[in-house]
Amino acid sequence: MVPLSLSSPGEKVVVRSIGGTGHIAKTLGHLGIITGTELRIIRKNKDSLIVRIGESRYALGPGAAGMVLVDLLG
Amino acid sequence: MSETVYPHNYLYGWTGIVTVVTSIAGLLSILRGAEIVNGAYLLPDIPGGCILILLSAIFGTAYYKGRTDRPGWISFSYIGSLMLLIFAVCTVLINGGNYLALIMGGEDGDASTIISLTFIWAAIIAIPLYLGVSKLMYKC
Amino acid sequence: MNDIRILLTGNPNVGKTTLFNALCGVHQHTGNYPGVTVDIKEGKRHIGGQSLIVCDLPGTYSLSVFTPDEQVARDALLTSNPDIVLQIVDATNIERNLFLTTQLLELGIPMIIALNMCDLADEQGIKIDSECLARNLNVTVVRIVARSEEGVGELVDSIVKLIEEKKPVSHREVLYPGSVTSHINEIGNYLGSHAKLPGNLSSNCAAIRLMEGDEHLEKTLHDQGLVIPFLDKCDPAERDSIAEDVLLARYRTAEEIMACSVKCTMGRVMPADLIDQVITHRYFGIPIFLSCMWFAFQLTFSAAAPFAAAIEIIFGYFNEIITGMDMDPFIRSFLIEGIIGGVGSVLSFVPSIFIVFLLLSILEDTGYLARAAFVMDRLMHSMGLHGRSFIPFLMGFGCNVPAIMATRTLQSRADRIITILTLPFMSCSARLPVYVLFTGVFFSAIAGSVIFFLYVLGIVVAIVTALIFRRYVFKGEPSPFIMELPPYRRPSGTAAGIHMWYKGREYLKRAGLVIFGGVLVVWALASFPVGVEYGSAESLAGSLGQLLQPLFAPLGFNWQLVVALIFGFVAKEVVVGSLGTLYGGEDTLHSSLAADHTLTPAIALAFLVFVLLYLPCVAALGVIRQETGSIKWTVIIVGYGLFVAYVVSFITLHIASFITGV
């Protein structure tokens, strides 16, 4: 499991856990980023990323990206 | 992919041409703005010139990526040519607006300033690139 | 015939405003001064003998509240008792939208789902069986394409039908795990017999809201002296795990409902991804953004210029007519300087403000603005600001008032206050005529560069302010940046046009009155006591200026400048007008200023710096008070602004004098 901030563009990953349960985790949850969600990394600029879930795209800054732990998929 | 090889090569070469044209246009604008070079056809426009140089950097990157990273070439050329076209339209609007205001104020203006040649010519050269690349974008 | 009240809700960027415009057309007004869709608009549509009153709520992903505009949406949905809830769902992205749907279903209010962007869904090969959806959820589902107004007629018919049928509401329910359900029942029963719930909220729904962690509801109930069974005894970790259970149950339900649609796999690389590669590029991203801003800036001024010229011509004409007529000089002065001058000042702003709003709408509609915020986030973070503050900053260059209102999208109060603190330093377009005037007189050749320098100075001061307040007052980092990047869309001319018209109209109403009033006050102070020479040192204005001038002596301002500054408090647009009055005529203002020996280029520069920094206008202060909710911060902002303006102006004066040797 690695934090989302360490993945590379073009990878497909699955969320294994979300650190913390504060506002950030809840906001992520409401956007659909919960355990079991599959994400595709579209772009990475140092610590911030753009990910795609299904048809939606989200930009995540370093604070948020660091909280999401993922596993590489295929 | 075979049907796209021929236009593909043609477009790729064209990217190179657009890169060179925009960089020259940019340089000329800057030099004209700094009054180092004089020419009736050029408008002094340092920021515009810098923007043209930026665009030529984008086209240059597209060219550079062309051989190894086809989607990269497509995306850079697309954005570069789209921006160039939009900015060219903006310059026409901007100069047009200024000219209109001048006339309304009762002063004389030079109508040819509406067509800021550097941007317009660069944009015209980029049109085929834009058309070609946008078709490719949706086939990816 | 009764009015039918409809709340229009849905995720951000699904086309709510487009549908709202299609439903209500020109019959809309805003509750507050407009920002970028962060407030409630109400509109009407007439059908037969009935009126549909449609309320466009801010977009939310769920009923949980993290930002003030989400609060507005939640409060409206939970407490205002609408007749119908209309959710707009983006057909290209149903699953995420369904999360909110599961929450709305539980409200027990008759509901309709408008499936928008069906055209895009078809293009992307997504097939949706709307009847299946309707059956699954037990609500009416109508397919629409808001942009072309397709399906809107059917939607309206369904709304009327739903009201007339008066069927009892029995929506699909979310299946919660057994343990959760038993607690919900327990709490629901308790609330049913003991609590006074807001609006028509059912006790069952309230119970579920509490399980999800709705803090506001909890507080309301605790204020009633109630002790919530089970929940009040749980510790935070347990509460969070319950909330998570509810969340997962909702997503499971959404997945089941998704069986009604078939879509392409995620494998394809989509054009939007390719575009993002370039626009958010590490090195190209910011230059691309700056070039767009450059053109936007230039467009605003040059597209507005012909209109401004036209307005001047028309007013010049009125001026001539009145001058030619025979009348009491006092009345003549009132008409020319007071009325015409006043209206003229306001109207000269209108073209550029409208264009700023138009350009911002277009940028937002295409989806570019979100990417720009992402690109700028790193930079903003290092300055102690949140990436989302970026949009208010952009708006601040047009007019501070909507910019301050746009801070409602920021999650943390600290972020919001710091942004509001720094916004007034973004030179709004009302200050520009002052710059143009003075740089024209004192700096002719390098006028443009001086103005550019002023803008940059404003930005620098803003950055320093943000850093100071972040480090010493608010301690802690800005909240993490999470933002949805909407799909790229071709901007619709009509939508942008409507947006521009309404925002512009609101500006005119609010600011217009203030400015016009301000000009009349200037005129009055300059004309009384009666018989005095207009705008001279003996008039009330002159006396006021001379009274306060000693305060500004270290800055070298003469009394006319001081008076202009005071009027600038009312509205920055009045500064030039009042100077015109005090120097005996706006047409000759240019030469009068040049001829005034008390003014040197250094003092002029110091004055411009003061105008740049000192305080926002009354309208902006009103909004600041409203958005921060505290008089304390408003006063701090005023004091801080004056202080910074004085100090920086002083420094500028001395450096400039040193350089120019005067």
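Throughout, protein chains are lettered first and strands after them, A, B, ... in sequence-line order, and every chain is numbered starting at 1.
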Could you tell me which non-hydrogen atom of [X] sits nearest to which non-hydrogen atom of [Y], and how far apart they are?
{"X": "A:Leu31", "Y": "C:Arg96", "answer": "O-CD, 3.5 Å"}
{"X": "A:Arg57", "Y": "C:Glu484", "answer": "O-CG, 3.4 Å"}
{"X": "C:Asp276", "Y": "A:Arg43", "answer": "O-CD, 3.7 Å"}
{"X": "C:Glu244", "Y": "A:Thr35", "answer": "OE2-OG1, 4.5 Å"}

Point to revise | Which atoms of A:Leu60 approach chain C - backbone, side chain, both or neither, heavy atom under 4.5 Å | key: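 Interface part for A:Leu60: both.
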
Quick check on [X] against chain A: is it the side chain, the backbone, both or neither that has a heavy atom closer than 4.5 Å?
{"X": "C:Arg282", "result": "both"}
{"X": "C:Leu100", "result": "neither"}
{"X": "C:Leu247", "result": "side chain"}
{"X": "C:His381", "result": "neither"}

Check your understanding: Between A:Gly61, A:Ala64, A:Ala59, which shows the greatest number of heavy-atom pairs under 4.5 Å with chain C?
Key -> A:Ala59

Spacing of [atom1] belonging to [X] relative to [atom2] belonging to [Y], to within rounding of 0.5 Å:
{"X": "C:Met483", "Y": "A:Thr27", "atom1": "CE", "atom2": "OG1", "answer": "14.0 Å"}
{"X": "C:Ile482", "Y": "A:Met67", "atom1": "CD1", "atom2": "CE", "answer": "8.0 Å"}
{"X": "C:Asn13", "Y": "A:Ser56", "atom1": "CG", "atom2": "OG", "answer": "10.5 Å"}

Point to revise | Residue pair A:His30 / C:Arg250, side-chain heavy-atom distance below 4.5 Å | key: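 Not in contact.
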
Exercise for review: Determine whether C:Asp240 and A:Lys26 make a side-chain contact, defined as any pair of heavy atoms from C-beta on separated by less than 4.5 Å.
Suggested key: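 Sidechains of A:Lys26 and C:Asp240: in contact.
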
**Study point:** Expected output: side-chain C:Tyr251 to main-chain A:Gly29 donor-acceptor under 3.5 Å
**Key:**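 Side chain of C:Tyr251 to backbone of A:Gly29, a donor-acceptor pair under 3.5 Å: yes, one is there.
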
